[in-house]
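Lettering of chains follows the sequences in order, A, B, ..., and the numbering in each one begins at 1.
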Amino acid sequence: MKIATWNVNSAKARLALITDWLRAASPDVVLLQEIKCETAAFPREAFEELGYHVAVVGQKAYNGVALLSKTPAEEVMTRLPGEEEDEQARYVEATVQGLRIASLYLPNGNPAPGDKYAYKLRWMDRLYAHARGMLEREVPFVLGGDYNVIPEARDVFSPAAFARDALFLPQTRARFRALLNLGLTEAYRALHDDDHAYTFWDYQAGSWPRDLGLRIDHFLLSPQAADRLIDCTIDRRPRGAEKASDHTPVVLELRDR
DNA sequence: ATGGTGGGTCGCCCA
């Protein structure tokens, strides 16, 4: 089972790039973030034509996540529990072939400190509580998406430049570590020890040609999902395309049961 | 110290 995650920075602006990549990579499940459109405006037909079932949570202009699957997605959940007032479209989770899979778009949190950073930390606390609940029930799961978290210094081109950034602040990384310490496996880092394994490059200042990136798109696996881990790879190709997203896809491969 | 780029949407917000 091949699961891809990709922050596309607008589903509409990126539609041809996404569908071309899907035809070539052919993942069984695709987790999209920042679709930047309302649920009804999501170009679902383009994905259905490629054989995907489509679950979408959108909103006007900002955020928005989708989960595409070659087999039907069951028991679709459209929000992260724990804050009823939260209207932002950042989470969709469903069961695909017995595995609970989520597409998440964790808040950026800048500027920190401030309301946005407080929201980011609350969101991480909610994700922690939700993951812990699934672990207690022994639900096998995969949480994939744009975490807006730089886990370690080797995951950013300049740790000094990001010292006060919401993606790299100690409180942010502590919450990410707390997730791992529940017993989750961060798939890329469990298998690869390299630096420069970036998944995001800013549009500005020639970040892409200079390889000044961040590793902020991740897969976290429950123990049962980690038992099935074959590989996790970053496909840099789409970042070099014309009209690219600022993120590139990360691909997780799990053994079939 | 500032502005650099890009998307959504239509004056700015967000990243």
| request: Kindly state each residue pair satisfying salt bridge (Lys or Arg N to Asp or Glu O under 4.0 Å) with at least one member in residues 9-30 of chain A, sequence neighbours excluded. | output: A:D20-A:R23
Length of the [atom1]-[atom2] vector between [X] and [N], whole Å:
| X | N | atom1 | atom2 | value |
| --- | --- | --- | --- | --- |
| A:D115 | B:dC13 | CG | C1' | 15 Å |
| A:Y62 | B:dG6 | OH | C1' | 13 Å |
| A:R239 | B:dT5 | CZ | P | 13 Å |
| A:N108 | B:dC13 | CG | P | 16 Å |
| A:Q33 | B:dA15 | CD | P | 14 Å |
| A:L214 | B:dA15 | CG | P | 14 Å |
| A:H247 | B:dT5 | NE2 | P | 19 Å |
| A:R90 | B:dA15 | CZ | P | 6 Å |

| query | Does anything in residues 44-83 of chain A pair up under ring-ring contact (aromatic ring centres under 6.0 Å, His included), and if so which pairs, sequence neighbours excluded? | reply | A:F42-A:F47
| request: Return the set of residues passing salt bridge (charged side-chain N to carboxylate O under 4.0 Å, His left out) with A:R44 (not counting sequence neighbours), or none when no residue passes. | output: A:E48
Give, ordered by number, those residues of [range] having at least one heavy-atom distance below 4.0 Å to an atom of DNA chain B; if nothing qualifies, reply none.
| range | value |
| --- | --- |
| residues 8-25 of chain A | A:N9, A:S10, A:A13, A:R14 |
| residues 198-210 of chain A | A:Y203, A:Q204 |
| residues 34-42 of chain A | A:K36 |

Side-chain donor-acceptor pairs under 3.5 Å in residues 150-159 of chain A, sequence neighbours left out?
unit_1	atom_1	unit_2	atom_2	d
A:E152	OE2	A:R154	NE	3.2
A:E152	OE2	A:R154	NH2	3.1
A:R154	NH1	A:D193	O	3.4
A:R154	NH1	A:D193	OD1	2.9
A:D155	OD1	A:R189	NH2	2.6
A:D155	OD1	A:R215	NE	2.8
A:D155	OD2	A:E152	N	3.1
A:S158	OG	A:A161	N	3.2

| Between A:S10 and A:E34, does a side-chain hydrogen bond (donor to acceptor under 3.5 Å, both in side chains) hold up when you go through it step by step? | CA-CA 6 Å; A:S10 168; A:E34 275 206 276; over 6 Å; no
| note | Apart from A:L169 itself, its cluster of hydrophobic side chains linked below 4.5 Å comprises A:Y117, A:L121
Enumerate, atom names and distances included, each donor-acceptor pair closer than 3.5 Å involving a side-chain atom of residues 248-255 of chain A, sequence neighbours excluded.
unit_1	atom_1	unit_2	atom_2	d
A:T248	OG1	A:D235	O	2.7
A:T248	OG1	A:R239	N	3.4
A:R255	NH2	A:L229	O	3.4

| message | Could you work out, with ring-ring contact (aromatic ring centres under 6.0 Å, His included) as the rule, every residue matching A:Y188, not counting sequence neighbours? | response | A:H192
| task | Name all residues meeting the ring-ring contact (aromatic ring centres under 6.0 Å, His included) criterion together with A:F176; count only those two or more places apart in sequence or in a different chain, and write none if there are none. | result | A:Y147, A:H218
| Can you tell me how far P in B:dA1 sits from the matching atom in B:dC13, rounded to whole Å? | 24 Å
| Quantified in whole Å, what is the P atom distance between nucleotide B:dG6 and nucleotide B:dT2? | 23 Å
| query | A:K243 or A:D246: which one's nearest nucleotide on DNA chain B is closer to the 5' end? | reply | A:K243
Mind listing the side-chain donor-acceptor pairs of residues 127-141 of chain A below 3.5 Å, one per line with the distance, residues two or more places apart or on another chain?
unit_1	atom_1	unit_2	atom_2	d
A:H130	NE2	A:E93	OE1	2.7
A:R137	NH1	A:G133	O	3.2

| message | Taking atom CZ as the centre, does A:R122 end up with more than 12 heavy-atom neighbours from other residues, nucleotides or ligands that are less than 6.0 angstrom away? | response | yes
